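Below you'll find the structure, written out as structure tokens, and then a few comments.
Since the model is a prediction, treat every value here as computed from it, not as a measurement.
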Amino acid sequence: QVTLWLKKLFEGAPIPEYEVNERTVDILHEVMECNEERDKDVMLLIEDMKERASKCEAEAEYWQDVLGEILGFFEGSLSEEATEDLTDLVQSAIELDVEDTSLTSFYRALNDMTSELHETKSKNEEMERKLKTLRKKLTSALMVEKQLEEDILKLKKSQEAEEAKAEARSNTLKFLANKSVDLKIRIRDAENQLIARGLDQSLTHEALVKSSEELAALRKEIEPLKTEVASYLDLPPSIPLAQVKVEEARKEL
């Protein structure tokens with residue numbers, strides 16, 4: 001079935017080569033069925049149009065006979081002006097899509113077109129208002145976008161400056177750290193040289209730092225003792241004097 005359909009489709013022309021397997025044949029069979037259904041629909045539509053055309057031709061012949069026999073209007077018997085008017089009337093009826101050429105039908109069609117025109121104008125005005133609103137919003141959005149781009153550019157420049165400062169500080173810290181290490185090495189070397197020459201180790205930098213720390217710890221331990229001693233300094237130096245002071249306090253009370 002698929003092969004016959006392809007031969008009919010290409011009308012004797014060579015059929016393009018394709019891989020013949022179950023999947024391709026199924027796909028072509030499905031396409032063939034869709035194509036045949038579409039051809040049937042087209043044929044039905046053509047037959048319907050032919051039937052309508054024959055009906056219109058029969059109706060036209062009928063009305064030509066009516067006009068000729070009853071009213072005496074034959075083709076070519078009207079004046080050129082009357083023929084043009086009649087043609088304009090027919091074209092107007094076709095354009096307005098009226099059922100007949102009566103004034104009522106024309107008025108109704110014109111009223112409908114006027115209503116459609118007003119409705120279209122209202123829609124156009126509404127669309128123009130929406131368009132103006134959208135333009136304003138778009139302009140505002142573009143301004144905001146421009147401002148954001150400027151802020152982003154400023155922020156990038158500020159970040160670049162901060163990064164440069166941070167890098168400079170980092171380099172400075174690295175330099176100071178390296179310098180500190182170098183100084184420690186020099187101090188240690190100098191101390192070793194002094195010790196080798198007979199310097200007392202208690203005078204080295206590390207010993208002095210350790211002594212300073214110990215001194216600070218001792219001062220902290222002495223502080224509460226100083227407070228306690230100060231409280232005893234106000235006492236009388238002997239018991240008789242203490243009794244005199246107690247008696248004075250009693251009298252004041």
Side-chain angles (χ1 to χ4, degrees), residues 16-19 21-24 26-28 30-31 34 116-237 242 245 249 252:
E17 295 183 0
Y18 64 94
E19 183 180 353
N21 54 45
E22 184 178 357
R23 183 171 179 275
T24 56
D26 288 341
I27 293 172
L28 288 172
E30 186 177 353
V31 174
C34 294
E116 290 179 1
L117 180 61
H118 286 306
E119 186 178 355
T120 303
K121 284 183 178 179
S122 299
K123 288 182 179 179
N124 288 338
E125 290 175 357
E126 181 67 21
M127 290 297 291
E128 286 180 359
R129 286 194 293 270
K130 289 182 179 180
L131 182 61
K132 288 181 180 178
T133 303
L134 288 174
R135 283 177 178 171
K136 289 181 180 178
K137 290 182 179 179
L138 179 61
T139 303
S140 178
L142 290 174
M143 292 177 64
V144 172
E145 183 182 5
K146 185 178 180 181
Q147 184 64 40
L148 287 174
E149 289 178 352
E150 292 177 355
D151 292 341
I152 290 171
L153 184 60
K154 291 179 181 178
L155 182 60
K156 285 183 178 179
K157 290 182 179 179
S158 176
Q159 286 180 344
E160 290 175 357
E162 289 295 330
E163 288 176 357
K165 290 181 180 178
E167 186 176 359
R169 285 195 293 268
S170 176
N171 293 332
T172 303
L173 290 174
K174 287 180 181 178
F175 171 77
L176 292 175
N178 294 331
K179 192 68 175 177
S180 175
V181 172
D182 181 58
L183 290 174
K184 286 180 179 179
I185 293 172
R186 289 185 180 183
I187 290 171
R188 188 168 59 250
D189 293 341
E191 288 177 350
N192 292 333
Q193 290 179 4
L194 291 173
I195 291 170
R197 293 178 183 177
L199 177 67
D200 188 0
Q201 291 187 359
S202 62
L203 298 177
T204 60
H205 177 71
E206 293 180 358
L208 292 174
V209 170
K210 186 176 180 181
S211 299
S212 176
E213 293 175 351
E214 292 175 352
L215 179 60
L218 290 173
R219 283 178 177 175
K220 286 183 179 180
E221 292 178 358
I222 291 172
E223 285 298 326
L225 296 176
K226 284 183 177 180
T227 305
E228 186 176 356
V229 170
S231 64
Y232 289 110
L233 292 177
D234 294 333
L235 294 176
K245 284 196 174 185
E252 289 178 0

Exercise for the section: Decide side-chain contact (heavy atoms from CB on, under 4.5 Å) for Glu150 and Leu153; before the verdict, give the C-alpha distance in whole Å, the side-chain angles of both, and the deciding distance to 0.1 Å. Expected result: CA-CA 5 Å; Glu150 292 177 355; Leu153 184 60; 5.6 Å; no
Exercise for the section: Can you measure from OG1 (Thr172) to CD (Glu167) and round to the nearest 0.5 angstrom? Expected result: 10.5 Å
Completion exercise
The reported gap from CD in Glu213 to NZ in Lys210 (rounded to nearest 0.5 angstrom) is 9.0 Å
Practice task
Can you sort out the partners of Arg23 under side-chain hydrogen bond (donor to acceptor under 3.5 Å, both in side chains), two or more places apart, ordered by chain and number?
Solution key: none
Problem - Lys123: salt bridge (Lys or Arg N to Asp or Glu O under 4.0 Å) partners, not counting sequence neighbours - result: Glu119
Completion exercise
Rounded to the nearest 0.5 angstrom, the CD-CD distance for Gln159 and Glu162 is 9.0 Å
Handout entry: Within-4.5 Å side-chain heavy-atom neighbours: Lys136 and Thr133
Key = no
Problem - Asp182 side-chain N/O to Asn178 backbone N/O, donor-acceptor pair under 3.5 Å - result: no
Practice task
Examine the side chains of Asp151 and Gln147 and answer whether a donor and an acceptor come within less than 3.5 Å of each other.
Solution key: yes
Problem - Interatomic spacing from CD in Glu145 to OG in Ser140 - rounded to 0.5 Å - result: 11.5 Å
Practice task
Please list, chain by chain and in numerical order, all residues satisfying salt bridge (Lys or Arg N to Asp or Glu O under 4.0 Å) with Arg135, sequence neighbours excluded.
Solution key: none
Completion exercise
When rounded to the nearest 0.5 Å, the distance separating CG of Asn124 from NZ of Lys121 is 9.5 Å
Practice task
Determine whether more than 12 heavy atoms belonging to other residues, nucleotides or ligands lie under 6.0 Å from atom CD of Glu22.
Solution key: no
Problem - Over 12 non-hydrogen atoms of neighbours within 6.0 angstrom of CD in Glu149 - result: yes
Exercise for the section: Report the distance from atom CG of Leu131 to atom CG of Leu138, rounding to the nearest 0.5 Å. Expected result: 10.0 Å
Practice task
Taking only Lys NZ, Arg NE, NH1 and NH2, and the carboxylate oxygens of Asp or Glu, determine whether Glu126 and Arg129 approach each other closer than 4.0 Å.
Solution key: yes
Practice task
Using modelled atom types only, decide if a donor and an acceptor are shared between the side chain of Thr120 and the backbone of Glu116 within a distance under 3.5 Å.
Solution key: yes
